Amino acid sequence: MLTKQQAKERIEQLKKEIDKIRYAYHVLDKPIVSDAVKDSLQHELQELEQRFPDLITPDSPTQRVGGKPLDEFQKVQHAVPMLSLTDAFSEEEIFDWQERNSKLLEDFTQKVTQDGYYAELKMDGLAVSLVYEDGLFVQGSTRGNGLVGEDVTQNLKTIEAIPLRITPSLELIQKAGVKGAVKIPRRIEVRGEVFMTMKVFEGVNQEQEKAGLPKFANPRNAAAGSIRQLDPNVTARRKLSFYAYDLVTELGQKTHQQAHEIMKLLGFPVNPHNQHCANLTEVVRYHQKWASERRNLPYWTDGIVVVVNNLDLIRRLGVVGKAPRGMIAFKFPPEEATTVVEDIIVQVGRTGALTPVAVLRPVLVAGSTISRATLHNEDEIRRKDVRIGDTVVVHKAGDVIPEVASVLKEMRTGKEKIFQMPTRCPVCGGVVIRPAGEAIARCVNKKCFAQNFRRYLHFVSRPAFDMVGLGPKILKKFIDEGLVKDPADLFNLTEGDIAPLERFAEKSASNIVKAIQSRKHISLARFLYALGIQNVGEETAYDLADHFGSLEKIKNASLEEIEAVYDIGPVVARSIYDFFRDKNNLQFIERLLKAGIKIEEPPKKQAQPLSGLTFVFTGELASLTRDEAKNLVRGLGGDVSESVSKKTSYLVVGANPGSKYDKAHTLGVRLLNEADFLKLVGKRS
DNA sequence: ATCCCTCGAGTTCA
DNA sequence: CTCGAGGGAT
């Protein structure tokens with residue numbers, strides 16, 4: 001049986017060890033033991049404390065949870081006001097800020113040249129203040145209005161990243177670079193940001209949903225909501241994180257960077273990406289770096305904080321309004337913005353599909369101005385309940401494609417109009433039909449100009465005839481001038497036809513003719529794709545060419561024969577079969593052949609070293625284009641797909657990979673870099 | 001009948 | 001990238 005004295009010693013030992021583990025994990029970011037080991041130590045501590053309740057101290061890790069729910073939060077007066085920051089959105093504003101400061105203080109430029117700036121990632125959470133007395137965490141509070149906040153000590157104690165006890169000493173402070181003797185005060189105050197990682201945020205929202213509670217809009221709200229919980233047990237479950245960013249108490253620090261050093265040595269986690277910058281050029285570089293890399297961080301940041309490193313300067317620069325002059329928030333270009341749906345228009349595709357598109361009041365999102373966003377189809381509009389006149393949140397899906405993320409319904413005035421799919425084609429006035437059970441409404445007029453025009457674009461597009469330099473504008477001109485009646489006429493164009501047109505130099509006329517003529521030789525797969533048969537895309541065209549080997553055979557194939565092709569079912573077989581029974585289509589093919597198109601039939605199959613393997617590409621390859629790589633794989637009998645799944649054999653990763661990389665990572669798909677890929681195909685060919 | 005993977009088709013901006 | 005839907009596997 002353990003004596004009380006033995007228990008006391010063991011408890012001290014356990015507390016020390018658990019805090020060491022906490023420090024390694026949260027401050028050094030280098031875990032030394034597994035979670036299970038930590039849990040086990042914590043469990044032992046808890047048992048001992050249960051047996052000897054009078055040995056429980058307020059800095060024991062078991063005291064992080066277990067507080068009683070409060071009725072309300074007490075108000076806390078901040079000894080030093082918690083200020084806010086001025087925002088800057090451009091490089092220019094940052095330089096203006098420096099300019100203003102240098103005019104304010106004579107020695108500003110000299111001191112900044114000496115000590116530089118300190119740049120930090122601006123965490124998207126909520127600011128809190130932590131007060132320690134005689135090393136013990138005694139009070140934590142929110143910012144509130146800057147002067148008076150709320151006492152959330154119990155809740156902050158549940159955050160493991162926050163130390164419950166600190167042991168400041170002269171030795172420690174000197175280790176951080178402070179020179180000379182410093183009297184260490186009893187009371188020490190540190191400020192920082194409480195935030196929630198994306199992963200925790202998603203988990204919390206899943207639970208909210210399960211419990212039938214409203215979801216949090218973003219990690220910031222979730223963190224704020226969790227801190228303002230009256231029941232600390234709820235906060236404990238939310239797994240909040242914390243980074244310290246300011247040492248309020250005077251411990252001899254001369255620069256902001258030194259303050260960070262001291263806080264870290266005291267046991268507070270500070271963001272490891274914070275960085276000293278010699279000048280604003282370096283600050284701007286830091287900003288640019290994180291503007292693009294912030295996506296790879298496990299938490300949200302909306303900018304950086306730039307701090308004049310010399311603390312004396314900050315003090316003397318003073319405060320304007322509620323913001324100190326010595327620091328500024330340099331925001332990242334927003335990834336999300338709100339704007340107004342000015343109209344919903346309808347576009348007509350190659351197959352007659354009517355696609356509603358939101359016309360937006362132009363707004364800057366993630367570096368580019370967006371003015372339109374697809375709404376996909378009628379059902380999608382209903383689901384999101386987007387109306388003309390609505391204020392909406394837009395963002396970019398996969399960094400490129402603008403998307404209406406949600407509607408701010410609170411902002412409705414009642415004047416918003418509900419979108420109705422037109423019953424007549426907006427381009428040709430033809431009949432619009434939406435077959436039962438299908439999501440897409442189509443203009444059924446085969447002669448519709450919009451459809452016809454899209455067919456041209458498809459014909460000249462890269463995976464089809466790949467006629468470079470033949471964009472929509474030039475094509476439209478050719479059609480308007482009556483130079484071409486269908487895409488086959490393109491091959492009969494001469495310089496003499498084009499040159500007289502307005503704004504056509506001789507040179508560009510001859511370039512276009514050359515580009516067209518150089519495409520007369522084409523593979524069977526590309527040719528089939530270019531025809532624009534419904535439900536036949538790149539992949540199916542390739543399958544068809546491979547299976548039948550010649551245009552003649554495909555033309556004459558029966559429905560059953562087509563359906564026998566792997567990956568082709570009744571629906572696709574029907575549209576292929578019907579296509580080759582249509583008189584106009586057959587004439588079109590005849591005209592193409594008469595114009596001198598030479599179809600190259602697929603080579604007889606040779607060795608198939610990659611058969612059964614599926615490749616997916618992401619990012620840019622250095623030594624060959626995506627198309628060349630695809631052909632290489634197919635030539636060796638491998639399959640190429642556009643999306644990663646567990647059936648993917650290899651993901652070939654080039655420069656600047658996209659989201660496929662993450663997916664492959666979670667699915668455990670094997671990755672190849674370019675060199676490995678080349679080795680693989682090279683060795684086996 | 002149902003699930004999962006692919007494919008097709010449409011889309012934005014610099 | 002997104003959605004819808006075709007096709008094969010279960």
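Residue numbers begin at 1 in each chain, while the letters A, B, ... track the order of the sequences. Since the structure is predicted, the reported quantities are computational estimates derived from the model, not experimental observations.
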Only pairs under 3.5 Å count here: list side-chain donor-acceptor contacts from residues 562-572 of chain A, not counting sequence neighbours, and write none if there are none.
none

Scan the side chains in residues 349-359 of chain A for donor-acceptor partners under 3.5 Å anywhere in the protein, sequence neighbours excluded, and list what turns up.
residue: A:R350; atom: NH1; partner: A:G532; partner atom: O; Å: 3.2
residue: A:T351; atom: OG1; partner: A:R442; partner atom: NH1; Å: 2.6

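Counting only residues at least two apart or in different chains, ring pair (Phe, Tyr, Trp, His ring centres under 6.0 Å) contacts with residues 518-544 of chain A comprise A:H458-A:Y529. Applying the side chain to side chain donor-acceptor pair (under 3.5 Å) definition to pairs two or more places apart or across chains, none involves residues 444-454 of chain A. The ring pair (Phe, Tyr, Trp, His ring centres under 6.0 Å) pairs that include a residue from residues 331-387 of chain A are A:H287-A:F332, where partners are two or more places apart or lie in different chains. Applying the salt bridge (Lys or Arg N to Asp or Glu O under 4.0 Å) test to every pair with at least one member in residues 522-539 of chain A, sequence neighbours left out, gives these pairs: A:E539-A:R634.
Here the side chain of A:T339 pairs a donor or acceptor atom with the backbone of A:R361 at under 3.5 angstrom.
With sequence neighbours left out, the salt bridge (charged side-chain N to carboxylate O under 4.0 Å, His left out) criterion links A:D543 to no other residue. Scored by the side chain to side chain donor-acceptor pair (under 3.5 Å) test, A:D489 finds A:R591 as partners (sequence neighbours excluded). When the side chain to side chain donor-acceptor pair (under 3.5 Å) test is applied to A:R412, the partners found at least two apart in sequence or on another chain are A:D385, A:D390.
Residues of residues 354-364 of chain A that place a heavy atom closer than 4.0 Å to DNA chain B, in numerical order, are A:T355, A:V357.
Comparing A:T540 and A:V348 by the nucleotide of DNA chain B that holds the closest heavy atom to each, the one mapping nearer the 5' end is A:T540.
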For nucleotides 4-10 of chain C, just jot down a letter per nucleotide in 5' to 3' order: B, S or -, based on protein non-hydrogen atoms under 4.0 Å.
SSSSSS-
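In 5' to 3' order, the nucleotides of DNA chain B bounding all contacts with chain A (an atom under 4.0 Å from a heavy atom) are B:dC5 to B:dA14.
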